A.B. asks: 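This is the structure I want to talk about, given as structure tokens.
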2 protein chains.
Amino acid sequence: MNDSMEHWMEELLRKDDGERMTDKQTRIVRAAIEVFAEKGYSGAATSEIAQRAEVAEGTIFRHYKTKKELLYAIVSPIAARLIEPFVLRDLYPLFDTPHPTFEGFVRAILDNRIAFIESNIKVIRIMLQEVPFHAELRDRFLGVVGQRMLPRIARALEHYRAKGQIEAMPALTTIRLAGSSLFGYLITRFLIAPDDWNDGEEREATLQYMLRGLGYRASETTS
Amino acid sequence: MNDSMEHWMEELLRKDDGERMTDKQTRIVRAAIEVFAEKGYSGAATSEIAQRAEVAEGTIFRHYKTKKELLYAIVSPIAARLIEPFVLRDLYPLFDTPHPTFEGFVRAILDNRIAFIESNIKVIRIMLQEVPFHAELRDRFLGVVGQRMLPRIARALEHYRAKGQIEAMPALTTIRLAGSSLFGYLITRFLIAPDDWNDGEEREATLQYMLRGLGYRASETTS
DNA sequence: TCGAATAGTGAGTGATTACTCACTTCCATT
DNA sequence: AATGGAAGTGAGTAATCACTCACTATTCGA
């Protein structure tokens with residue numbers, strides 16, 4: 001029936017004020033994720049969501065004023081958590097102790113993000129589907145990415161570049177290139193070819209491609 | 001009003017049997033592209049398409065039995081042409097004369113695909129949006145890619161690998177990695193950051209990233 | 001010039017849509 | 001045990017949906 005939403009669910013299933021949701025409320029959210037993922041936002045009928053949640057249709061609108069509010073309630077927390085690790089990781093200095101090499105840095109991010117996306121694939125799919133049609137959603141997401149995530153990654157990159165471990169290149173370009181490779185890996189693995197997939201090999205090949213592409217050299221100067 | 005669909009339009013605007021479309025029919029197709037791109041397939045109302053085409057709603061259903069058939073009529077020819085150049089390019093031998101180096105090969109594909117996608121961005125957006133929801137569409141697309149495009153690229157890659165110009169790696173992995181970079185470039189350029197975009201620099205950086213990532217060496221053996 | 005086929009029309013249809021509201025049920029606090 | 005507020009209900013509603021059909025207008029070969 002369901003699969004991989006267990007851990008984050010517990011955190012998603014609180015209201016903004018921290019109160020726990022009732023049983024029926026969690027069933028509504030679960031059902032909505034299912035139906036949005038299958039049919040898209042416009043194609044999903046609130047009547048079907050209610051049916052799958054085994055709940056009266058009115059119950060949905062008791063908790064969410066509109067269908068769009070239900071969508072946002074599902075997508076927003078995941079969007080935030082897509083970015084969070086970069087923010088957190090920056091709190092204890094990322095620069096020196098944790099990863100002396102750029103390779104270690106990239107490998108850590110890769111593993112971390114793969115794991116997260118792996119267990120949130122459904123909601124992320126909904127997000128990717130709907131972002132083009134909801135200006136508010138897009139602006140909020142791009143805003144957070146642009147203002148919080150990118151600058152921090154840029155700072156980390158500058159560190160490794162200064163150590164001569166990677167080629168000089170505008171930070172945004174570096175992020176775009178490496179991001180595309182990560183993104184392509186995930187899309188292929190989860191959406192295009194979930195079968196016939198040797199994950200160990202593909203992951204390593206992707207990593208090597210990224211490192212070579214960015215001109216990684218083990219080290220020249222020591223910090 | 002409209003912008004970049006001029007050249008392929010002339011070819012799209014024939015029926016399967018080659019007959020030309022009437023004026024109203026072309027207006028329907030144009031309007032449908034607009035509305036599908038803005039609202040998605042489910043979110044698009046046939047009444048709005050008719051309105052924008054300045055046509056009676058019944059006229060749409062005279063030419064297309066259902067709304068879904070209208071979608072397919074728009075998307076199918078573009079899906080085919082996304083792949084076609086690889087097929088054609090292979091007809092006159094790609095291996096020797098045209099591009100002695102792998103770099104030239106990649107650069108040619110890059111330029112070719114960029115130009116095509118640039119002038120078909122709207123329909124491609126529709127395709128990307130709707131493919132997840134229409135199994136028939138997805139299967140047809142993946143079928144053509146898997147059976148016609150991938151084997152031919154794989155053969156070309158084998159050629160350059162044999163000449164020692166690129167690293168040994170499974171062909172599908174190579175294609176995925178290079179494809180991700182191309183895809184990421186296009187997504188960023190057309191969907192995420194159409195402003196603040198130095199195209200010359202970004203295109204060159206992407207190319208270099210791809211070549212380095214695949215372990216490109218100018219040449220070792222001569223053919 | 002005619003006739004028949006094709007293109008185009010728009011009011012009309014039943015189904016479905018998101019959402020409302022008067023109502024009942026549940027439960028924590030007194 | 002009483003009570004007030006929140007949770008839950010489901011029939012009902014106006015709007016919108018994709019699609020039909022009886023009809024008119026246009027085109028074009030004979």
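Bear in mind that the values here come from a model prediction, so they are computed numbers and not experimental data. Labels below follow one simple rule: chain letters A, B, ... track the order of the sequence lines, proteins then strands, and each chain is numbered from 1.
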A.B. asks: Look at A/T22 and D/dG8 and indicate whether a side-chain polar atom (N or O) is within less than 4.0 Å of OP1 or OP2.
C.D. replies: yes
A.B. asks: Is it the case that over 12 heavy atoms from other parts of the model lie below 6.0 angstrom from the CZ atom of B/F183?
C.D. replies: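 Counting other residues, nucleotides and ligands, CZ of B/F183 stays at 12 neighbours or fewer.
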A.B. asks: I need the NZ-C1' distance between A/K65 and C/dT20, as an integer number of Å.
C.D. replies: 15 Å
A.B. asks: Judged by modelled atom types alone, do B/Y41 and A/S42 share a side-chain donor-acceptor pair under 3.5 Å?
C.D. replies: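 No pair is found: no donor N or O on one side chain lies under 3.5 Å from an acceptor on the other.
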A.B. asks: Ion pair present between A/R138 and A/E130, side-chain N to carboxylate O less than 4.0 angstrom?
C.D. replies: no
A.B. asks: Is the number of heavy atoms from other residues, nucleotides or ligands under 6.0 Å of A/R125 CZ greater than 12?
C.D. replies: no
A.B. asks: Does a donor on one side chain and an acceptor on the other come within less than 3.5 Å for A/S181 and B/Y209?
C.D. replies: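 Side-chain D/A pair, A/S181 to B/Y209: present.
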A.B. asks: Could you state the atom-to-atom distance from CZ of B/F61 to P of C/dA7 in whole Å?
C.D. replies: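 Those two atoms, CZ and P, are 17 Å apart.
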A.B. asks: Taking atom P of D/dG8 as reference, at what distance in whole Å does atom CZ of A/R27 sit?
C.D. replies: 9 Å
A.B. asks: Let me know the distance between NE2 of A/H63 and P of C/dC19, rounded to the nearest Å.
C.D. replies: 16 Å
A.B. asks: For DNA chain C, what residues of residues 126-138 of chain B have any heavy atom nearer than 4.0 Å?
C.D. replies: none
A.B. asks: Within a radius of less than 6.0 Å around CD of B/E201, do more than 12 heavy atoms belonging to other residues, nucleotides or ligands occur?
C.D. replies: no
A.B. asks: Say you draw a straight line from CD1 of A/I74 to CZ of A/R30; how long is it, rounded to the nearest 0.5 Å?
C.D. replies: 11.5 Å
A.B. asks: In B/S/- notation, 5' to 3', how is nucleotides 9-17 of chain C contacted by protein heavy atoms closer than 4.0 Å?
C.D. replies: BB------S
A.B. asks: Expressed as a whole number of angstroms, how long is the span from A/Y64:OH to C/dT20:C1'?
C.D. replies: 19 Å
A.B. asks: Using side chain to side chain donor-acceptor pair (under 3.5 Å) as the criterion, list what pairs up with B/S47, not counting sequence neighbours.
C.D. replies: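 Scan of B/S47 (side chain to side chain donor-acceptor pair (under 3.5 Å), adjacent residues dropped) gives none.
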A.B. asks: Starting at atom CE of B/M21, determine the distance to atom C1' of C/dT6, rounded to an integer number of angstrom.
C.D. replies: 15 Å
A.B. asks: In whole angstroms, how far is the P atom of D/dG8 from the CD1 atom of A/I28?
C.D. replies: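 Roughly 7 Å, once rounded to whole Å.
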A.B. asks: Tell me the interatomic distance from B/D23, atom CG, to C/dT6, atom C1', rounded to whole angstroms.
C.D. replies: 16 Å
A.B. asks: Within a radius of less than 6.0 Å around OH of B/Y72, do more than 12 heavy atoms belonging to other residues, nucleotides or ligands occur?
C.D. replies: yes
